[in-house]
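Down below is the structure, laid out as C-alpha cells.
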Amino acid sequence: MEIDVRPFEGEPRAFFEAGELAFGERLRDEDADAYTAIFEPDRAIGAYAGERVVGTAGIFSFDLTIPGGVVPAAGVTFVGVQPTHRRQGVLRRMMRMQLDAIHERGESLAVLWASEGSIYQRFGYGLSTMVTRVAIQLDRGAFRRPHTPAGTIRFVDLDEARRLLPPVFEAVASTRPGFFARTPAFWDSEVFRDPEHWRRGAGEAFYVVHEVGGEVDGFARYRIRDRWEDSGPRSTVIVTDKLASNPAADLDLWRFLMDIDLMATLEAWNIAPDDPLILNALEPRRLGIGLGDGMWLRVVDVAAALAQRRYAADGRVVLEVSDEFCDWNDGRWTLTVEAGTPLVEAASDAADLALDITDLGATYLGGFSFIQLADAARVRELQPGALARADAMFRTPRPPWCPRVF
C-alpha cells in the first residue's frame, strides 16, 4: 500500500498512539492528556497507510538561547515509523516535508534529541551539545576543601515548586546557549508530572530549593531508589534536575544531595559539561564521569542563522557549505563581523573553510571548535589561519547545554 505523508489530521490521540507504537510502547491515558496539553497539531505530520497513521513527526515551537540572544526554533519531537513500515523511505519523506515547512515559516534552526545518533545526520543535524553523566561513590565524594554553605536548603511541595523553579530556570537560560524556553504547560507535562512508569523502580520525586536571604537561586529534583543488603543500605540518589544561578548555590545543592543519609551512590544523567562539581571533587575519578550525545542542531537557513548569532571577535571568514538535503544552503557564504555586528552574504571569492551542514550545526552553539572538527577530518582549511580565525569568532564563554530532553 502506498504511504501518504501529509499534515496530520484528526484527534491528537491517534497521533500519540501511532508514535508510541513506533517506539514499542502503548499509550497510557494519563500520558495522552499531558501530551495533548503541549501538542501543536498545525505542525504535526503523519504518514498514512490508508486511514491508519504509521509514522509521526511533531514540533514544539521553541525560543532557543544561542550565543548573544534568543531565536525562534523548531523543537523536533515524537518522530517515529512503526516497524511494519520501516525501510520504505517514510522517515525521509517526513523530514523533507518538515524541513521545508520550517524554512517557509522563517525559522533558521531545528533541534532535537535523537533516539540513535546515526539517524539524523543524514538530514543535516550536527551534534551541538553533550550529555555529562556522573555515577558517584558517595563514600568517596568529598570536596577538595571543607565546604561552608552559602545559603539554606529546604523541601517544597509541588505547588510551591511550580512557583519557585521556573524563575531560576529562566535566569540560567539567559546565560548559556542550548536552553529552550518552557511554557507552563511544558513544565506541567514534562517536569512536574511524575507518573510511576517514568521512575524506573525509584520513588516519587522530591523538590528542594536553595535560598540566600529568602531569595531562591537554585533547585534540585531527585528520587531515591531503595536497595538494602545484609551489609547495610545500598540506595541511590537519582538527580533528575539541578540548576543554580551561581556557583555557590550549585555547590550547596551538590553537597546536600551527596550527604543524604543511608545512600551509597548518586546518579545524574545530564549535568552541565562545566559543572563546578567536577573541579571541586577530591577524587574526580570517583565521580564516574561519562559523555554522550545531547541535543542535535540543524541549520535550516545558513544566512539567517549566522546573522542571528553574536561573535567573540571581529573578523571575516568565507565558508563553503555542503548541504545536499536543503540545497538553498549549498554554496559559499561570507561572514563578516565588525564592531560585533555580523553581515552574511553569498560569496563569490575563494573559500577559507569547507564543511558540511552538520559541521556548522556542531559549531553553531559553541559546543565544538572548527579545529576539533578539522582534527576529525570533517572541516578542511583552505586558507592558512582560517581555522584559528573562525574559532576566535565563534568562541563562547561557556559550553552549550540542554538540560532536558523534549
(request) Spell out, as yes or no, whether a donor-acceptor pair under 3.5 Å connects the side chain of D314 to the backbone of G340. (result) yes

(request) Please check if the side chain of R316 supplies one atom and the backbone of L335 the other of a donor-acceptor pair under 3.5 Å. (result) no

(request) Run the numbers on F16 and F39 for ring-ring contact (aromatic ring centres under 6.0 Å, His included), then give the verdict. (result) CA-CA 10 Å; F16 307 141; F39 184 50; 5.1 Å; yes

(request) Taking all heavy atoms of L64 and all of A73, pick out the closest pair and write down the distance. (result) CB-CB, 3.9 Å

(message) For R285 and E283: C-alpha separation, side-chain torsions, deciding distance, then whether salt bridge (Lys or Arg N to Asp or Glu O under 4.0 Å) applies.
(response) CA-CA 6 Å; R285 74 181 62 176; E283 298 183 78; over 6 Å; no

(request) Give a yes or no on this: more than 12 heavy atoms of other residues, nucleotides or ligands lie within 6.0 Å of atom CZ of R92. (result) no

(request) Determine the minimum heavy-atom distance between A304 and S108, stating which atoms define it. (result) CB-CB, 3.9 Å

(request) Mark yes or no for whether W296, through its side chain, and T129, through its backbone, hold a donor-acceptor pair below 3.5 Å. (result) no

(message) In this structure, is the centre-to-centre distance between the rings of F60 and F180 below 6.0 Å?
(response) no

(message) Contact between V209 and I153 at the side-chain level, heavy atoms closer than 4.5 Å - yes or no?
(response) no

(request) Answer yes when R13 and E11 have at least one side-chain N-carboxylate O distance shorter than 4.0 Å, and no when they do not. (result) no

(message) Check for me whether the distance between the ring centres of Y35 and F78 falls short of 6.0 Å.
(response) yes

(message) With rounding to the nearest 0.5 angstrom, report the CD to CD distance, E9 to E51.
(response) 9.0 Å

(message) Within the 4.5 Å heavy-atom criterion, are E345 and R332 side-chain neighbours or not?
(response) no

(request) Carefully, step by step, assess R404 and D241 under the rule side-chain contact (heavy atoms from CB on, under 4.5 Å). (result) CA-CA 8 Å; R404 179 161 288 269; D241 296 88; 2.7 Å; yes

(message) Whether R176 and D274 form a salt bridge (side-chain N of Lys/Arg under 4.0 Å from carboxylate O of Asp/Glu) is what I want to check.
(response) yes

(request) Give a yes or no on whether a salt bridge exists between R395 and D391, defined as a side-chain N under 4.0 angstrom from a carboxylate O. (result) no

(message) Tell me whether D323 is salt-bridged to R298, with the criterion being a basic N under 4.0 Å from an acidic carboxylate O.
(response) yes

(request) With rounding to the nearest 0.5 Å, note down the distance linking CD1 in I45 to CZ in F15. (result) 8.5 Å

(message) Does any part of the side chain of R398, heavy atoms only, come nearer than 4.5 Å to the side chain of P273, both counted from C-beta?
(response) no

(message) Does the plane of the ring in W401 sit parallel, tilted or perpendicular to the ring in F179? Use 30° and 60° as the thresholds.
(response) perpendicular

(request) Determine whether more than 12 heavy atoms belonging to other residues, nucleotides or ligands lie under 6.0 Å from atom CD of E324. (result) no

(request) Mind running side-chain contact (heavy atoms from CB on, under 4.5 Å) on Y125 and L297 for me, showing each step along the way? (result) CA-CA 5 Å; Y125 285 85; L297 183 146; 5.7 Å; no

(request) Over all heavy atoms of both residues, which pair between M295 and V111 is shortest? Give the atoms and the distance, please. (result) SD-CB, 3.8 Å

(request) Report yes or no: do R227 and T236 form a side-chain donor-acceptor pair below 3.5 Å? (result) no

(request) Identify whether the distance between the nearest side-chain nitrogen and carboxylate oxygen of R28 and E17 falls below 4.0 Å. (result) no

(request) Specify the closest pair of heavy atoms between A312 and A392, including all atoms of both residues, with the distance to one decimal. (result) CB-O, 3.5 Å

(request) Report yes or no: does R309 contribute a side-chain atom to a donor-acceptor pair with the main-chain N or O of L365 at less than 3.5 Å? (result) no

(request) Check whether any side-chain N or O of D359 sits under 3.5 Å from a backbone N or O of L355 as a donor-acceptor pair, and report yes or no. (result) no

(request) Answer yes when D356 and R378 have at least one side-chain N-carboxylate O distance shorter than 4.0 Å, and no when they do not. (result) no

(request) Report yes if the distance between the aromatic ring centroids of F186 and F406 is under 6.0 Å, otherwise no. (result) no

(request) State the OG-CG distance between S118 and D293, to the nearest 0.5 angstrom. (result) 10.0 Å

(request) For Q121 and G117, indicate whether the former's side chain and the latter's backbone hold a donor-acceptor pair under 3.5 Å. (result) yes

(message) Could you check whether any side-chain N or O of T36 sits under 3.5 Å from a backbone N or O of A32, counting only pairs where one atom can act as donor and the other as acceptor?
(response) yes

(message) Does this structure show an ion pair linking E20 with R26, if we count only N-O contacts that are shorter than 4.0 Å?
(response) no

(message) Any non-hydrogen side-chain atom of L253 less than 4.5 Å from a side-chain atom of V208?
(response) yes

(message) If we ignore hydrogens and angles and just use 3.5 Å, is the side chain of D63 paired with the main-chain N or O of A181 as donor and acceptor?
(response) no

(request) Could you go through the side-chain hydrogen bond (donor to acceptor under 3.5 Å, both in side chains) check for Q82 and R52 one step at a time? (result) CA-CA 11 Å; Q82 294 177 3; R52 187 164 68 91; 3.1 Å; yes

(message) Do Y222 and I260 have side chains that approach each other closer than 4.5 Å (heavy atoms only, starting at C-beta)?
(response) yes

(message) Less than 6.0 angstrom separating the ring centers of W187 and F192, yes or no?
(response) yes

(request) Flag this pair as yes if the NZ/CZ of R223 is under 6.0 angstrom from the six-membered ring centre of W198 and inside a 45 degree cone about the axis; otherwise no. (result) no

(request) Please tell me if the side chains of I38 and E190 come closer than 4.5 Å, counting only heavy atoms from C-beta onward. (result) yes

(message) Within 45 degrees of the ring normal and closer than 6.0 Å to the centroid, is that where the cationic atom of R255 sits relative to F143?
(response) yes

(message) Tell me whether R389 is salt-bridged to D352, with the criterion being a basic N under 4.0 Å from an acidic carboxylate O.
(response) yes

(request) Go through the side-chain N and O atoms of N280 and H147 and say whether any donor and acceptor fall under 3.5 Å apart. (result) no

(message) For the CG atom of L291 and the CE atom of M130, what is their distance to the nearest 0.5 Å?
(response) 5.0 Å

(message) Quick one: does any side-chain atom of S369 pair with a main-chain N or O of Q372 as donor and acceptor, under 3.5 Å?
(response) yes

(request) Please answer whether the main-chain N or O of S235 pairs with a side-chain N or O of D226 as donor and acceptor at a distance below 3.5 Å. (result) no

(request) Any chance you could measure D217, atom CG, to N246, atom CG, to the nearest 0.5 Å? (result) 4.5 Å

(message) Are more than 12 heavy atoms, taken from residues, nucleotides or ligands other than E196, located less than 6.0 Å from that residue's CD atom?
(response) no

(request) Tell me whether the guanidinium CZ or amine NZ of R122 lies under 6.0 angstrom from the six-membered ring centre of F325 and within 45° of its axis. (result) no

(request) Taking all heavy atoms of H210 and all of A249, pick out the closest pair and write down the distance. (result) ND1-CB, 3.5 Å

(message) Using side-chain heavy atoms (C-beta onward) and a distance below 4.5 Å, is W254 in contact with D275?
(response) yes

(message) When you compare the side chain of L112 with that of T77, does any pair of heavy atoms fall below 4.5 Å?
(response) no

(message) Could you measure the distance from the CZ atom of R221 to the CG atom of L243? Nearest 0.5 Å is fine.
(response) 12.5 Å

(message) Restricting to non-hydrogen atoms, name the atom on L382 and the atom on E320 that form the minimum distance, rounded to 0.1 Å.
(response) CD1-OE1, 4.3 Å

(request) Give the C-alpha distance, both sets of side-chain angles, the deciding distance and a yes or no for side-chain contact (heavy atoms from CB on, under 4.5 Å) between V81 and M94. (result) CA-CA 10 Å; V81 179; M94 290 196 300; 3.9 Å; yes

(message) Under the criterion side-chain contact (heavy atoms from CB on, under 4.5 Å), I'd like the reasoning laid out for V318 against D349: C-alpha separation, chi angles, the key distance, then a yes or no.
(response) CA-CA 8 Å; V318 179; D349 44 353; 4.1 Å; yes

(message) If you take the centroid of each ring, where Trp contributes its six-membered ring, are F219 and Y207 closer together than 6.0 Å?
(response) no

